[in-house]
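Heavy-atom basis, side chains included; hydrogens, waters and symmetry copies ignored.
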Amino acid sequence: MRFLLLALTVAVVACTAPEAPPTIDPTRIAADVEHLASDELGGRGPGTPDEDKTIAYIEEQFRKAGAVPAGDNGTYFQTVPLVGVEPLPSTKISWSSGDATHPLAWLDEVVALSHTQKPEATLDAEAVFVGHGIVAPEYGWDDYKGADVKGKLVLLFTNEPPSDDPAFFGGKALTYYGRWTFKYEEALRHGAAGVLIVHTDETAGYPWSVVRNSWGRTNPYVKLAEGESALTAAGWITSEAAAPLLDTSPATAGKSIDDLLAMANQKEFTPIPLQARVTGKLDSKLSQMDTRNVVAKVEGSDPAKRDEAVLYTAHWDHLGRGEPDTNGDGIYNGAVDNATGTAIVLELARAFGAMKTKPARTILFAAVTAEEGGLRGSEYFGRHPPIPAGKIAVDLNYDGILPIGRTSDMTLPGYERTTLAPVVEELAAKMGIKLEPEAHPEQGYYYRSDHFSLARVGVPAFSLSEGQTVIGKPANYGEQQAEDYRTKRYHQQSDEYRPEWDFSGLQQLTEFGLELGLRVAALPELPTWKAGDEFLAAREKSWKQ
């Protein structure tokens with residue numbers, strides 16, 4: 001009888017003991033990276049035959065993992081309707097004051113396109129200087145101050161008022177208010193017909209050549225909905241070309257660009273109507289392009305919480321095929337950017353799919369498209385999520401992970417802004433990982449990866465990135481590897497799979513993301529943004545929808 005009781009006790013303990021976490025296999029991650037970055041998939045260009053092969057592979061891996069479809073009409077795919085807009089050299093933009101007209105040299109002084117998604121658009125608008133073009137109620141800041149700019153063109157500086165106070169525009173860290181994308185959105189909300197951003201190296205953080213090269217080619221946009229408004233003209237103007245235009249008002253006459261920037265940096269700034277009109281004929285070559293996100297899920301086990309989800313994202317796309325380099329290689333394989341992140345999401349799907357007892361909340365996976373074209377796939381996903389944004393607990397994003405081995409540190413920019421901070425920090429301590437802050441917060445990298453598309457609709461979101469202190473390597477090894485990648489392989493044909501890579505670091509990031517996702521899936525309440533954060537209002541709005 002004693003042995004029978006002992007056997008029963010062991011059996012009960014075995015049944016009630018917590019399930020061991022699934023094993024994360026770095027060899028599977030490596031195999032996925034190798035295939036996704038192979039010449040066979042041609043650089044994974046959206047809207048090309050290489051997309052078809054890429055997403056078929058991702059679909060197959062989700063299916064094998066046991067993750068079921070979560071896309072359109074019971075499939076694994078969510079169609080993302082995009083329109084490619086290529087500004088043509090026949091575009092003409094000029095400004096006039098009195099009897100004098102001043103043509104602006106295309107690409108050398110101005111670059112702009114129409115957001116109307118029409119082949120031709122005409123602009124004829126009064127010009128108004130609106131400082132930084134920011135409305136931020138939580139900071140008591142309003143560059144428009146009730147001015148009527150409907151149908152007008154606004155000139156403004158990018159970036160935001162400088163501050164060393166973290167409680168004011170994030171201190172040295174760039175907030176979304178400083179991004180040029182916000183400036184366009186805010187101007188449209190005020191009814192402006194057009195926007196020209198006055199470029200300086202200081203405010204933009206990069207030279208005019210970057211603007212010229214980025215805006216002088218085709219850019220993809222999510223297709224406008226019926227009746228949706230858009231800017232007639234959106235673009236940039238050099239400070240040298242903008243100076244005489246800004247000089248046309250008595251309030252700005254005789255002031256240098258630096259003087260005007262100093263004015264814009266003051267909370268008391270008020271909009272300044274310029275005694276000038278900006279006219280233009282914007283010609284565009286349009287191309288329709290349907291591309292696809294790949295979306296799957298592992299259903300939650302708690303009937304009361306399975307309609308909520310933990311989301312994992314990574315972009316599957318890269319730059320596709322282009323002109324051959326000096327070695328005759330015309331394929332931008334994108335091994336690090338972002339076969340690595342996609343492979344991690346696939347391994348996470350295998351891990352959750354293998355669990356006998358599923359998490360309380362549903363686990364959602366999205367391999368998104370068109371990140372390289374401006375986060376377009378995740379933008380569409382954020383607007384049309386398979387689970388309402390207000391019910392997504394968190395988005396954990398992976399993008400561009402260097403396979404350099406395990407690190408004693410990690411970077412998770414943005415986690416500290418959410419109510420998940422204690423959960424993240426406790427897990428990092430348990431795993432012996434030091435959480436390092438973002439190296440260059442003033443560059444606004446938080447707003448340049450797919451998690452941002454979820455944050456802007458309210459979802460607590462951040463990326464998980466490797467650290468630079470590589471275990472068993474010299475102190476500066478990680479920094480050297482990162483610099484080597486940035487200068488020699490980033491967005492180049494040489495971003496290819498390397499057999500000698502050490503995938504233990506990707507295993508580590510996957511394990512961290514797995515454990516973090518499990519903890520979030522079990523939380524009694526949905527996470528949110530901390531008080532005062534720029535995305536808190538969007539979170540609260542999402543809960544009401």
Side-chain angles (χ1 to χ4, degrees), residues 18-19 21 24 138 165-167 170-173 175-176 300-302 304-305 308-313 344 348 351-352 355 358-364 387 389-399 406-439 441 445-447 449 451-452 454-467 469 508-540 542-543:
E19 182 179 349
I24 300 299
E138 67 271 36
D165 181 1
K172 292 183 178 179
T175 70
Y176 186 51
S301 60
D302 186 343
K305 292 183 177 178
E308 300 171 348
V310 171
L311 170 65
Y312 294 93
T313 55
I344 286 176
L348 283 164
F352 282 105
M355 291 180 180
K358 305 304 184 189
R361 291 184 171 93
T362 292
I363 308 299
L364 191 60
I387 292 175
K391 293 188 175 183
I392 299 178
V394 68
D395 172 38
L396 303 177
N397 185 61
Y398 291 91
D399 188 0
R406 286 185 172 256
T407 59
S408 60
D409 58 337
M410 287 183 185
T411 301
L412 287 71
Y415 89 88
E416 73 285 353
R417 300 165 58 172
T418 75
T419 57
L420 285 174
V423 179
V424 173
E425 290 163 4
E426 191 278 330
L427 175 59
K430 176 187 174 183
M431 296 181 66
I433 293 169
K434 183 179 180 182
L435 297 176
E436 292 286 1
E438 189 178 2
Y445 290 121
Y446 182 87
Y447 307 97
S449 197
H451 60 251
F452 169 61
L454 279 300
R456 69 189 306 180
V457 297
V459 178
F462 48 90
S463 288
L464 284 68
S465 303
E466 79 279 19
T469 307
Q508 180 185 32
L509 278 169
T510 310
E511 291 168 342
F512 191 96
L514 172 64
E515 181 61 29
L516 180 56
L518 286 169
R519 294 184 180 210
V520 176
L523 290 175
E525 302 292 337
L526 287 169
T528 184
W529 299 91
K530 291 181 179 178
D533 193 87
E534 62 189 301
F535 300 118
L536 179 58
R539 184 60 161 172
E540 293 173 344
S542 74
W543 284 338

Hey, what do you get for [atom1] ([X]) to [atom2] ([Y]), rounding to the nearest 0.5 Å?
| X | Y | atom1 | atom2 | answer |
| --- | --- | --- | --- | --- |
| Met355 | Leu518 | CE | CG | 4.0 Å |
| Phe512 | Lys430 | CZ | NZ | 11.0 Å |
| Asp302 | Thr362 | CG | OG1 | 10.0 Å |
| Asp399 | Ser449 | CG | OG | 4.0 Å |
| Thr510 | Glu515 | OG1 | CD | 13.5 Å |
| Glu436 | Leu412 | CD | CG | 11.5 Å |

Heavy-atom donor-acceptor pair, [X] side chain to [Y] backbone, under 3.5 Å:
| X | Y | answer |
| --- | --- | --- |
| Ser301 | Pro359 | yes |
| Lys391 | Ala309 | no |
| Lys305 | Ala521 | no |
| His451 | Tyr446 | yes |
| Lys530 | Glu416 | yes |
| Thr411 | Ser465 | no |
| Glu511 | Leu509 | no |
| Gln508 | Thr407 | yes |
| Trp529 | Gly458 | yes |

Within the 4.5 Å heavy-atom criterion, are [X] and [Y] side-chain neighbours or not?
| X | Y | value |
| --- | --- | --- |
| Val459 | Leu311 | no |
| Pro527 | Val520 | yes |
| Val310 | Leu516 | no |
| Phe462 | Leu396 | yes |
| Thr175 | Tyr447 | yes |

[X] and [Y]: which non-hydrogen atoms are nearest, and at how many Å?
| X | Y | result |
| --- | --- | --- |
| Lys358 | Phe352 | NZ-O, 3.1 Å |
| Ile387 | Ile392 | O-CD1, 3.7 Å |
| Ala461 | Ala455 | CB-N, 4.1 Å |

Tyr176-Phe452 aromatic ring centre distance below 6.0 Å: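 Distance test on ring centres: under 6.0 Å, yes.
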CA sep, side-chain torsions, deciding dist, call: Leu364, Tyr312, side-chain contact (heavy atoms from CB on, under 4.5 Å): CA-CA 6 Å; Leu364 191 60; Tyr312 294 93; over 6 Å; no
Carefully, step by step, assess Arg519 and Leu420 under the rule side-chain contact (heavy atoms from CB on, under 4.5 Å). CA-CA 10 Å; Arg519 294 184 180 210; Leu420 285 174; over 6 Å; no
For a side chain to side chain contact (heavy atoms under 4.5 Å, CB included) with Arg539, tell me which candidate from Val457, Thr418, Leu526, Asp533 qualifies.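 Of the listed options, the one satisfying the test is Leu526.
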